[in-house]
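Worksheet: the structure to be examined is printed underneath.
These numbers were taken from a predicted model, which means no experiment stands behind them.
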There are 2 protein chains.
Amino acid sequence: MSGEVNIKRLAQELNISIATVSKALNDSYEISLKTKNRVWTLAKELNYTPNPAASNLRSNKTKTIAVIIPCVANNFFSLAIKGIEEIARQYGYHVLIYQTHEDTEMEMSFTNSLLNGRVDGILTSVSSNEYNNEYYKNLVNKIPMVFFDRVYEELDTFKVTTDDYQISFTATEHLIEQGCTKIAYLYGLEKLPAGRARFLGYCDALQAHGLLAAEDLVVHYSEDEASNLQNIKTLFQEQAPDALFSSIEEFIIPAYSACQELQLQIPKDVKILSFCNMSSAKLLNPSLTTITQPAFEIGNEAAKCLFKVLNKRGIGDDKDIVLQSTLIKRASTGG
Amino acid sequence: MSGEVNIKRLAQELNISIATVSKALNDSYEISLKTKNRVWTLAKELNYTPNPAASNLRSNKTKTIAVIIPCVANNFFSLAIKGIEEIARQYGYHVLIYQTHEDTEMEMSFTNSLLNGRVDGILTSVSSNEYNNEYYKNLVNKIPMVFFDRVYEELDTFKVTTDDYQISFTATEHLIEQGCTKIAYLYGLEKLPAGRARFLGYCDALQAHGLLAAEDLVVHYSEDEASNLQNIKTLFQEQAPDALFSSIEEFIIPAYSACQELQLQIPKDVKILSFCNMSSAKLLNPSLTTITQPAFEIGNEAAKCLFKVLNKRGIGDDKDIVLQSTLIKRASTGG
DNA sequence: TTTAATTACGTAAACGTTTTCGGATTACAG
DNA sequence: CTGTAATCCGAAAACGTTTACGTAATTAAA
């Protein structure tokens, strides 16, 4: 056990050159199976692991990708991360995670710090507080990037999204079928395509059924939890809607609380459905009808796309990947 | 803009040696302020950023730490990560995150893959499904490590925990003061010191007030959410406790659900308190009395400890850092 | 048998830094 | 004028890989 074990050490012990060792370890066709086996067994015996820095320096591959998201404390993103990690592990890659907390400054600071070859590529879901398209237009040709869920539409990169418009339309129709005629909308992600698509699906479904969308029926998301609760209560008192369509799961707790405080029965007095990836939705009382995005699969798919780019594959592929969300009907919109 | 910008390029343009450039960039005392300024301004002008791989290879510093935790989809851990990231950013460090999903095999696989110099140190909160002390005993002298919240006690490393025993004792007394005499315990993290300390604090508080702990009053955590709900319902039906002490937040939703399904009024029929880091605790109905750990500060403190080790400081310091949780009394244990 | 192709391995340069060591210049005391 | 110290800088080696290129031995084709 004299000193660290590197390829030079392996080469010495086997009386071959370090080039041969390196090639053998990388399973090169230039090396005979006999030699490869000698190298592999000794490497295992000495518990050799390649030095990532040296490898990276020479080959310009870091075996690392970055994930930049608003927040990990969110069921959608934590599931997506899980999906990303699975693929990364398959490729032997490591995952750096950066949380922007919906702050565009942070977002730019993080990405800028990754442009010097620290990572091979970036997966991101952009923050909601601003739509700074110009920045990303420059960024995307400096480093391989894939956007998921919260995307910028004009960019020529892989984008993994869900059928926000369609599922919102479908979900709204579900409420209408259940007899609702005054459906309020709890509006989140207003500045992003995803948020607007959800709202549009809701509006169009109303219109298709002869109902009208009204600004009075819309509650806009606030970072302050208490004011969300208050706004929903005010909505009930002033408009008396018979349903709530929540576009983000952050509205769920205040919505339920508002109903209980105002003695409104779900689903008798008011029906509720929400975009939601919490497994506890079915444990709420009453259980919550949800639009559930395939968060894990989104992360999975986004990571696959990134590795396509990193491996120079999938050149001609369609870069707009749209996965299907599912409407899970439960008691909160029941008869 | 011919080619990439590295220190060689800077050296050429300034007609000085690369050694001087390198030292100037690192603010070495060997370089005159005049030269430093020339280097700094050109570096900024050309938007130079050092190559991390080269720097790492030569200096054996990666400017990266790893965080290995059971799961990011948990308020405690996501807050802790936030605390860690804050410190990491201050030191110019990057954060790799690995989720074990409470699987010891994963845990070992991840840590092993980090021993080749990919990171400078590791922050971890161990998984709950096993107590494999031997493994860590070997690991801790191969790479700087700091444990937080879920720790192994016998290891000679920095450990950041909370006053689990004391706060459980206090919280149990709170229930007793509110008139409870049959307090059930929802038991999580049984294999870890933290989990056992919480249980012990509960037991000792009961005993100190002439009450007795009984196995019949304990519900053990199950990975299956549905069975937790079922077990709590069974507990109510067979034992009719007048309070629930939940040691992990995963029990909250099933506990509330069980009460509603069994038509038990909180806090009239049964009082509930729980270890919990969800900001939505106060929005539950009724609002939940919680034992809240300073999750952000724990992450913060753990990261600080790691950087102490990395910078060879804090040799004589006490390595057992215990932060205070707080008992936040709300309606669920009210009169 | 000669020539070309294939196989298997080695030499050495390169990746972009950091750092040791030494050299040159200047300042200042003796 | 000499010697010493302080200041500032450069040459070159190192970190551990990967890879372009060369070469010898073997095999296949002619």
Ignoring the backbone of [X], work out which of [options] is nearest its side chain.
X       : options                : result
A/Leu57 : D/dC21, D/dA11, C/dG16 : C/dG16
A/Ile7  : D/dT18, D/dG10, C/dT19 : D/dT18
A/Ala19 : D/dT19, C/dT17, D/dA11 : D/dT19
B/Ser22 : C/dG16, C/dT19, D/dT17 : C/dT19
B/Ile16 : C/dT17, D/dG10, D/dA20 : D/dG10
A/Glu30 : D/dT17, C/dC9, D/dG16  : C/dC9

Distance below 4.0 Å between [X] side-chain N/O and [N] OP1 or OP2:
X       : N      : result
A/Ser32 : C/dC9  : yes
A/Asn6  : D/dT17 : no
A/Ser55 : D/dT17 : no
B/Thr35 : D/dC9  : yes
B/Tyr48 : C/dT17 : yes

Assign [X] to base, sugar-phosphate, or nothing according to its heavy-atom contacts below 4.0 angstrom with the strands shown.
X       : value
A/Ile18 : base
A/Asn26 : sugar-phosphate
B/Lys8  : nothing

Quick one: does A/Arg58 reach the base of D/dT18 with a side-chain donor-acceptor pair under 3.5 Å?
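Under the 3.5 Å cut-off, the side chain and the base do form a donor-acceptor pair.
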
Next on the checklist: Judged by each residue's nearest nucleotide on DNA chain D, which is more toward the 5′ side, A/Thr20 or B/Leu33?
Outcome noted: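 Counting from the 5' end, the first nearest nucleotide belongs to B/Leu33.
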
Can you measure [X] atom [atom1] to [N] atom [atom2] for me and round it to whole angstrom units?
X       : N      : atom1 : atom2 : value
A/Leu10 : C/dG10 : CG    : P     : 13 Å
B/Asn37 : D/dC9  : CG    : P     : 12 Å
B/Ile31 : C/dT18 : CD1   : C1'   : 13 Å
A/Lys23 : D/dG22 : NZ    : P     : 13 Å
B/Asn60 : D/dG16 : CG    : P     : 7 Å

Flag for A/Tyr91-A/Asn311: side-chain donor and acceptor within less than 3.5 Å
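Note: A/Asn311 and A/Tyr91 side chains miss the donor-acceptor criterion.
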
Requested in this report: Answer yes if the side chains of A/Thr157 and A/Tyr136 hold a donor-acceptor pair under 3.5 Å, and no otherwise.
Outcome: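 Checked: A/Thr157/A/Tyr136 side chains show no N/O donor-acceptor pair below 3.5 Å.
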
query = Do B/Lys82 and B/Glu86 sit within salt-bridge range, that is, some charged N less than 4.0 Å from a carboxylate O?
reply =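 Here B/Lys82 does not pair with B/Glu86 in a salt bridge, since their nearest N and O are not under 4.0 Å apart.
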
Lys NZ or Arg CZ of B/Lys319 over B/Phe158 ring: under 6.0 Å, within 45°
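B/Lys319 over B/Phe158 ring: yes.
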
Let me see the working for A/Val119 and A/Ile65 under side-chain contact (heavy atoms from CB on, under 4.5 Å), right down to the final yes or no. CA-CA 5 Å; A/Val119 299; A/Ile65 59 176; 5.5 Å; no

